[in-house]
Protein chains: 2
Amino acid sequence: MPSRPKVIDIQRIKVACRSCTLHELCLPLGIDGEELERLDRIIRRRRPLERGEHLFRRGTPFRALYAVRSGAIKTYAVDEAGCEQVTGFHLPGELVGLDAIGEGVHPLSARALERTSVCEIPFDQLEPLTAEIPGLRRQLLRLMSREIASDESHFGVLGQKGAEGRLAAFLLSLSRRYAERGFSALEFRLAMSRTDIANYLGLAVETVSRIFTRFQSEGLLRTQRKLVRLLDPARLEAIAGEHAPASRCGRGA
Amino acid sequence: MPSRPKVIDIQRIKVACRSCTLHELCLPLGIDGEELERLDRIIRRRRPLERGEHLFRRGTPFRALYAVRSGAIKTYAVDEAGCEQVTGFHLPGELVGLDAIGEGVHPLSARALERTSVCEIPFDQLEPLTAEIPGLRRQLLRLMSREIASDESHFGVLGQKGAEGRLAAFLLSLSRRYAERGFSALEFRLAMSRTDIANYLGLAVETVSRIFTRFQSEGLLRTQRKLVRLLDPARLEAIAGEHAPASRCGRGA
DNA sequence: GGCAGTGATTGATATATGTCAATAACGAAA
DNA sequence: TTTCGTTATTGACATATATCAATCACTGCC
């Protein structure tokens, strides 16, 4: 096959929010008819990102929010030493860029983990629209609030869990999110590398790898490279619930 | 002194947003005259919370956001085993409860670390007001966005830094926040116990204690119980910037 | 002013997880 | 198919930090 493409047929990508299978997860929840059309009009579909391509980079001016339609995005920071810190993975139906509203600049970089398509929602058009459409306004607040809550629960993972708990919690989080999107809760393909998982969980790659094999030998799951099948989600929940070696459950003042 | 109080003079607590020294940090940024009064009217002052008192508890229905006026609040989750995970400390001018909008229920508990007064902002009144006051709407989005961004940067601390880096980053964060509020950036009183700090940073209390003494012996700071004076913020920055023993700076896919 | 009781510090030891190094399994390209 | 480069796995060893235990220093109370 000759490398002819790169010129994408924009006409083809003509999917209204209304018909988007994600429309209950994305913005338009509780918005109907005419309002939905107004939202639809400001949303821009872009050509899909190839694996490794950036959606935006740290320091770039904030222009739009992005809703993942298919594929997966990882967001990450790079410190002075060039060290990468993965801060999150974004699956279909999830929004990227909410952290940039505050300062008008993206504090993180975002790149595609695989071929990924997103909807671009220009913020300078979305923001005034929220004044007129109460459902849209509330939904945006809800989504941001949930993002905060989920970040907080990740603190618990990073702060109190041992390596096994972290990986278990991570897999269950993916499982739940895939299930919400109508995919299988028990079998899915990891879009990210072990390195990314390790980084996200604050572990070494080797530790992640070892725990995958340990989980497998204990019959908790079966992995085949990127493919994961959860065999005993209940026990995984239990492991995810255990606190780290540390945490003596002491209460502070 | 006889233990007479407990009956607080509500009349005394009569401070409008307009005259609040925090008014640039809190909600009203970019709101003027008449609009500020409308916001002011929905805000309720409550009697101060005593040390240890709860502002709200996990699972409680969400009714209002709270702006800390003086004192300090810690938010925390409690897992099945009764283990506490401290998720944040909230200083004057900061908002508490943003994570509850999404589900209508507080995912965390919040309690006062010392005598603390807060403004209560009933959300069912605030939300419609944002439709009419663009400055208020944008400020709320900005604040939520900043919260997300700051949570993300805490991931970096928890995920990539060793114990020294975490404590250094924590102290510098407090320093910056105090400075923003007009307090000294170099000398301040820690409202929280070492146990809470340790928990927040995902470390053991003993480790935190040891690092305080190590920092002191290296001339980076001077501590006297809760009182901290930063002597060499530049070197602290350097330490906060170092990545953990772990993190081999590898990039994922 | 002495006496709990809690919070902080310090020391000795254990261990989970990181580090280094080698190999193996895959995927893409020729 | 073969080859190369990347990603994942496995093993042996090092170490940062947790754990356990004791002491110390405040704070509030009688």
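Convention: sequence-line order gives letters A, B, ...; per-chain numbering from 1. No experiment lies behind these values; they were computed from the predicted model shown.
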Undergrad: Establish, with yes or no, whether the OP1 or OP2 oxygen of C:dT9 is under 4.0 angstrom from a side-chain nitrogen or oxygen of B:Arg194.
TA: yes

Undergrad: Does a salt bridge link A:Glu50 with A:Arg115, judged by any charged N lying under 4.0 Å from a carboxylate O?
TA: yes

Undergrad: Take atom CG of A:Leu227 and atom C1' of D:dA8, then tell me their distance rounded to the nearest Å.
TA: 15 Å

Undergrad: Between protein and nucleic acid, restricted to nucleotides 11-15 of chain D and to nitrogen or oxygen atoms under 3.5 Å apart, what atom pairs and distances do you find?
TA:
from	atom 1	to	atom 2	distance (Å)
D:dG11	N7	A:Arg210	NH1	2.9

Undergrad: Do B:Phe188 and B:Phe183 have ring centroids that are under 6.0 Å from one another?
TA: no

Undergrad: Want to settle it: does B:Val208 or A:Val208 sit nearer the 5' end of DNA chain C, counting the closest nucleotide to each?
TA: B:Val208

Undergrad: Under the side chain to side chain contact (heavy atoms under 4.5 Å, CB included) rule, collect the residues that match up with A:Ala77, sequence neighbours excluded.
TA: A:Leu108

Undergrad: Hey, which sits more toward the 5' end of DNA chain C by its nearest nucleotide, A:Arg225 or A:Arg166?
TA: A:Arg166

Undergrad: Considering all heavy atoms of both residues, which atom of A:Ser70 and which atom of A:Thr116 are nearest to each other, and what is their separation?
TA: O-CG2, 3.1 Å

Undergrad: Measure NZ/A:Lys226 against P/D:dT6 and give the value in whole Å, please.
TA: 15 Å

Undergrad: Distance check needed: D:dA8 P versus A:Arg214 CZ, whole Å only.
TA: 18 Å

Undergrad: So what does A:Ser209 touch, heavy atoms closer than 4.0 Å: a base, only the sugar-phosphate, or nothing?
TA: base

Undergrad: Ignoring the backbone of B:Ser193, work out which of C:dG18, D:dT17, C:dA8 is nearest its side chain.
TA: C:dA8

Undergrad: Specify the separation, in whole Å, of atom CD of A:Glu50 and atom C1' of C:dA28.
TA: 15 Å

Undergrad: Determine, for B:Glu114 against B:Arg189, whether the closest basic-nitrogen to carboxylate-oxygen distance falls under 4.0 angstrom.
TA: yes

Undergrad: Rounded to whole Å, please give me the gap between CG in A:Leu201 and C1' in C:dG18.
TA: 15 Å

Undergrad: Compute the centroid of each ring, for A:Phe155 and then for B:Phe155, and state whether the two points are separated by less than 6.0 Å.
TA: yes

Undergrad: Find the distance B:Gln216:CD to C:dT10:C1' and express it as a whole number of Å.
TA: 14 Å

Undergrad: Roughly, in whole Å, what's the span from CG in B:Leu203 to C1' in D:dA18?
TA: 10 Å

Undergrad: Check whether any side-chain nitrogen or oxygen of B:Thr207 sits under 4.0 Å from OP1 or OP2 of D:dT17, and answer yes or no.
TA: no

Undergrad: Can you measure B:Leu113 atom CG to C:dG7 atom C1' for me and round it to whole angstrom units?
TA: 14 Å

Undergrad: I'd like to check the ring-ring contact (aromatic ring centres under 6.0 Å, His included) partners of B:His90; sequence neighbours left out, ordered by chain and number.
TA: none

